[in-house]
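It should be emphasised that the depicted structure is a prediction, and the values quoted were computed from it without experimental measurement.
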Amino acid sequence: MIGAVVLVLLIQIIRSSFSNPGLERFQKDFQELGFFRNENNTGPVLRIYAIQAQENTSLETMREFSEAQPHTKYGKTLVFFFSNEVNATIPLSPKEPYFPSEFQRFLVAKFEKTPMGESRFESLKR
């Protein structure tokens, strides 16, 4: 009896693990324009994403997308959303402002997940 209950629970866990939607649900709304990850594997990991957002993409969808990005404990994850006017690759660096200043006028929103796991989302234009 206990074995049957454990087996049913195990099947449910496996089934739900493989059926949950991933980042592919955002493919129509976003395109990656740049990515940076520092080489530090023993200390804080810094991940920076430059993302092109389609014109009709809601701020809530941007926040959901940002929260779905990988984050390392005591690391920092930054996601910058740019308008669909930008079609070029954006070079990213580990130092502020993280991307060249000529792209600043296209910045729509930004997201930060701090080293302690706190999320901050800020809409800049819309």
Side-chain angles (χ1 to χ4, degrees):
M1 182 73 163
I2 294 174
V5 171
V6 169
L7 182 63
V8 168
L9 285 174
L10 187 60
I11 290 171
Q12 287 287 36
I13 291 170
I14 291 171
R15 189 170 56 109
S16 68
S17 295
F18 288 107
S19 65
N20 285 336
L23 287 175
E24 67 275 354
R25 71 180 187 238
F26 298 111
Q27 282 181 336
K28 65 178 175 39
D29 295 318
F30 303 110
Q31 179 183 346
E32 186 175 290
L33 300 174
F35 173 71
F36 174 84
R37 182 190 185 280
N38 65 343
E39 297 296 322
N40 193 356
N41 288 325
T42 58
V45 174
L46 175 63
R47 288 183 179 88
I48 306 171
Y49 298 89
I51 305 295
Q52 178 194 56
Q54 298 304 315
E55 193 170 331
N56 59 351
T57 305
S58 72
L59 294 174
E60 188 56 40
T61 303
M62 289 182 197
R63 179 187 286 276
E64 258 183 72
F65 176 81
S66 301
E67 290 286 354
Q69 297 305 313
H71 179 71
T72 306
K73 186 175 181 178
Y74 302 119
K76 188 176 188 179
T77 301
L78 299 166
V79 182
F80 295 101
F81 292 97
F82 295 90
S83 69
N84 60 355
E85 298 170 42
V86 179
N87 291 317
T89 301
I90 297 177
L92 299 170
S93 75
K95 295 188 171 43
E96 285 191 56
Y98 304 112
F99 55 88
S101 60
E102 66 256 21
F103 293 104
Q104 184 68 38
R105 65 188 175 112
F106 300 109
L107 190 62
V108 175
K110 64 182 179 178
F111 172 85
E112 176 183 2
K113 188 169 265 191
T114 67
M116 297 309 288
E118 299 166 342
S119 298
R120 297 181 188 133
F121 182 80
E122 182 180 353
S123 171
L124 303 169
K125 296 179 187 172
R126 267 310 219 220

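- Rounded to the nearest 0.5 angstrom, Lys95 NZ and Ile48 CD1 are separated by 11.0 Å.
- Side-chain atoms of Tyr49 and Pro70, non-hydrogen and from C-beta on, do get closer than 4.5 Å to each other.
- Ion pair Glu112/Lys76 flagged as a salt bridge, since at least one NZ, NE, NH1 or NH2 atom sits closer than 4.0 Å to an Asp/Glu carboxylate oxygen.
- Atom CG in Leu33 sits 5.5 Å away from atom CD in Gln31 (nearest 0.5 Å).
- Phe81 and Phe30 have tilted rings, their planes meeting at an angle from 30° to 60° on a 0 to 90° scale.
- If you take OG on Ser83 and CZ on Arg105, they are separated by 8.5 Å, rounding to the nearest 0.5 Å.
- The aromatic rings of Tyr98 and Phe80 are tilted relative to each other, their planes meeting at an angle between 30° and 60°.
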**Prompt:** Can Glu67 and Ser119 be said to form a side-chain contact (heavy atoms from CB on, under 4.5 Å), step by step?
**Reply:** CA-CA 8 Å; Glu67 290 286 354; Ser119 298; 2.8 Å; yes
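- A heavy-atom distance below 4.5 Å is found between the side chains of Pro94 and Phe36.
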**Report entry** Full working for side-chain contact (heavy atoms from CB on, under 4.5 Å) between Val79 and Gln69
**Finding:** CA-CA 9 Å; Val79 182; Gln69 297 305 313; 4.1 Å; yes
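- Between the His71 side chain and the Thr114 main chain, a donor and an acceptor come within less than 3.5 Å of each other.
- Hydrophobic cluster membership is shared by Phe35 and Val108, with clusters built from Ile, Leu, Val, Met, Phe, Trp and Tyr side chains linked at under 4.5 angstrom.
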Task: Pair Glu118-Arg120, side-chain contact (heavy atoms from CB on, under 4.5 Å): steps then yes or no - done: CA-CA 7 Å; Glu118 299 166 342; Arg120 297 181 188 133; 3.8 Å; yes
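- Relative ring orientation between Phe111 and Phe121 is described as tilted, the plane-to-plane angle lying within the 30° to 60° band.
- Atoms CZ and OG, from Phe65 and Ser58 in turn, are 13.0 Å apart once rounded to the nearest 0.5 Å.
- With hydrogens and angles ignored, the 3.5 Å screen pairs no side-chain donor or acceptor of Asn84 with any backbone N or O of Asn56.
- For Thr57 (side chain) and Ala53 (main-chain N/O), no donor-acceptor pair under 3.5 Å exists by modelled atom type.
- Asn38 places a side-chain N or O within 3.5 Å of a backbone atom of Leu46 that can act as its donor or acceptor partner.
- Closest approach of Ala109 to Ser123, counting heavy atoms only: CB-CA, 4.1 Å.
- For the residue pair Thr72/Arg47, the side-chain donor-acceptor check at 3.5 Å is satisfied.
- Atom CD of Glu96 is surrounded by 12 or fewer heavy atoms from other residues, nucleotides or ligands within 6.0 Å.
- We find the CG-CD distance between Leu59 and Glu122 to be 11.5 Å, quoted to the nearest 0.5 Å.
- Taken to the nearest 0.5 Å, the CD1 atom of Ile90 stands 9.0 Å off from the CD atom of Gln52.
- The hydrophobic cluster containing Leu124 also contains Leu92, counting ILVMFWY residues as joined when their side-chain heavy atoms lie under 4.5 angstrom apart, directly or transitively.
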| field | Stepwise side-chain contact (heavy atoms from CB on, under 4.5 Å) test for Ile51 and Phe82 | value | CA-CA 6 Å; Ile51 305 295; Phe82 295 90; over 6 Å; no
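- Annotation: side chain of Pro115 is not in contact with side chain of Pro44 (no heavy-atom distance under 4.5 Å).
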